[in-house]
Amino acid sequence: MNLEFFIADRLIRTNERKSNISAPIIKIAIAAIAIGLIMMIVSVATGIGLQQKIRQKVSAFNGHIIISNFDDNQSQVSLNPVSTDQDFYPKFNAVEGVKHIQAVASKAGIIRTEKSFEGIVYKGVGKDYDWNNLSEYIKEGKVPDVKSNLNNEAMISEYLANRLELKIGDKCNTFFMKEGENKLPNLRSFEIVGIYNSGFQEFDATYILGDIRHIQRMNKWLPNQVGSFEVFIDDFTQITQTGAEVYNNTINKEDPTKALDTQTIAQKYFYIFEWLKLFDFNIVVILIIMIVVATINMVVALMVLILERTQMIGILKSIGANNWTIRKIFLYNATHLIVKGLLWGNAIGIGLLLIQKYFGVVKLNPENYYVTTAPVDINMFYILLLNIGTVLVCLIVLLVPSYVITKISPVKAIKFT
């Protein structure tokens, strides 16, 4: 057996059997490691979880990349149509990482009921629309049938349904303005067949979803004309590069002046994604603070252990043990304390995350955070990295206080033994 590990193990067992001066300090050090790891696990899991959830919601309503006409239209409404007779539609095989593309169109309108009215944006979708992106947000009913004959089925948000006092099966009159002056608006009476709640106030207060053919008829577009294309990709971290490739593959080689515009959701909703970047900074700050607190407590604990065992150090030196051998004994001892703290930290930290994931104890204001409950991302790889990083940083820092052992004289240490 390794001599240093054997002696360290005996010291640990001795400390556990009796109450001494170092006992409360050791408990504080273990608690500091545990609390620090809990804070790091929770901050990383909630920070990354919130980022992923918000990205998921934004992309569910817009795709990751939007392809539309070059114009100065900054609204959510489709003004100039785009032809579906494109090389990249209905399958975008030219760019690696693109998993789906769908055609949509939007038109502003006003829903009027007997008691209230609300301004909305009617989003028309077709047979190629992927409803799986919205499936987790559907609270009641079903998705509109856009694959058969044209009908008046529509899906509305829970927010709008409550404000307009609508429920599944109700019909609502929606008025769409025509271009030009002194023209009567187009009237559509939609039947509510589904209610969704994304928790994203900006979308919930705006969108209702239905058949794209209503917009094509009102705008007098051809069946092959749509408002824009929504592109979904596999890896969000590559959205900038993929967006550039998508743009290059939408250029009309015969007539470059007819090139389409592409915009990633990170560009369209830049204020949201700039806000999300702050979470990365906050996570780093929390990690640094927790590591510093944990290492300071471990340094104090190690110093107390060394001072408490001064006579033992003197005896070991007198029988021929070198400084590095003795330092390793105390580093093994410190590693035991760190691991003990990590075990408690992992158990409590992961337990808290599981409680939040399955019970949603912590609620958030959707107007500020775009979600109703704090999302968590339990990634065991990140948790493992936090554990390994904590052990390595603590041991490296503890090499400094362990240097005190080299200054202990064996003669003075055992003089009063």
Side-chain angles (χ1 to χ4, degrees), residues 35 38-64 75-76 106 111 115-121 123 133-141 155-168 192 194-209 236 264-287 289-290 348-379 382:
I35 294 172
I38 292 169
M39 293 296 295
M40 289 189 287
I41 289 175
V42 171
S43 63
V44 170
T46 54
I48 295 177
L50 187 61
Q51 289 177 323
Q52 291 179 344
K53 196 66 178 177
I54 293 175
R55 289 170 185 164
Q56 178 186 340
K57 289 186 178 184
V58 176
S59 63
F61 285 89
N62 299 272
H64 294 105
S75 68
Q76 303 290 342
S106 300
I111 295 180
K115 298 180 179 180
S116 183
F117 65 92
E118 287 287 335
I120 56 92
V121 172
K123 182 171 183 178
N133 295 313
L134 295 177
S135 60
E136 67 174 286
Y137 308 126
I138 299 175
K139 299 299 181 181
E140 297 180 60
M155 177 181 289
I156 194 172
S157 72
E158 190 174 46
Y159 173 85
L160 289 173
N162 291 335
R163 290 179 64 89
L164 295 168
E165 299 182 11
L166 295 173
K167 60 183 184 298
I168 299 295
I192 307 302
I195 295 177
Y196 73 88
N197 182 6
S198 70
F200 206 112
Q201 191 77 4
E202 184 171 339
F203 298 147
D204 289 355
T206 305
Y207 287 110
I208 69 170
L209 290 86
F236 184 86
T264 66
I265 54 174
Q267 295 170 324
K268 184 175 181 179
Y269 298 98
F270 68 92
Y271 55 94
I272 294 177
F273 288 90
E274 287 298 319
W275 174 69
L276 288 179
K277 290 179 182 178
L278 295 177
F279 283 87
D280 295 328
F281 176 76
N282 294 340
I283 291 172
V284 172
V285 171
I286 291 174
L287 294 182
I289 293 174
M290 291 298 104
I348 298 173
I350 296 175
L352 291 174
L353 294 182
L354 290 173
I355 292 172
Q356 177 61 25
K357 181 176 181 178
Y358 292 106
F359 299 99
V361 177
V362 179
K363 304 294 183 182
L364 296 176
N365 186 348
E367 293 183 3
N368 297 326
Y369 294 96
Y370 307 108
V371 292
T372 54
T373 59
V376 295
D377 176 48
I378 304 178
N379 190 315
Y382 289 150

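Both backbone and side-chain heavy atoms feed into the values below; hydrogens, waters and symmetry mates do not.
Atom CZ of F117 has 12 or fewer neighbouring heavy atoms from other residues, nucleotides or ligands inside a 6.0 Å radius. No more than 12 heavy atoms of other residues, nucleotides or ligands lie within 6.0 Å of OH in Y369, so this atom counts as exposed by the packing criterion. Within a 6.0 Å sphere centred on OH of Y358, other residues, nucleotides and ligands contribute 12 heavy atoms or fewer.
Residues K139 and E158 are not paired through a salt bridge, judged by the lack of any N-O separation under 4.0 Å between the basic side chain and the carboxylate. Salt bridge E136/K53: present, at least one basic N to carboxylate O contact under 4.0 Å.
Taking both residues in full, the closest heavy atoms of I195 and K167 are given as CD1-CA, 4.4 Å, listed atom of the first, atom of the second, then distance. When all heavy atoms of F273 and A266 are compared, the pair lying nearest together is CD1-CA, 3.6 Å. Scanning all heavy atoms of the two residues, the minimum distance from L353 to A45 falls at CD1-CB, 3.5 Å.
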Can you list the steps and then say if F203 with F200 is a ring pair (Phe, Tyr, Trp, His ring centres under 6.0 Å)? CA-CA 6 Å; F203 298 147; F200 206 112; 4.5 Å; yes
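Distance check, rounded to the nearest 0.5 Å: CG of L276 to CD1 of I48 gives 12.5 Å. Here CD of E118 is found 11.5 Å from CD1 of I208. Values are rounded to the nearest 0.5 Å.
Under the 4.5 Å side-chain criterion, counting only non-hydrogen atoms from C-beta, Y370 is not in contact with L364. Inter-residue side-chain proximity for F279 and L50 is flagged as met; some heavy-atom pair is nearer than 4.5 Å.
F61 has its ring centre no less than 6.0 Å from the ring centre of Y269.
Side-chain contact check for N133 and Q56: no donor-acceptor pair (N or O, by modelled atom type) lies under 3.5 Å.
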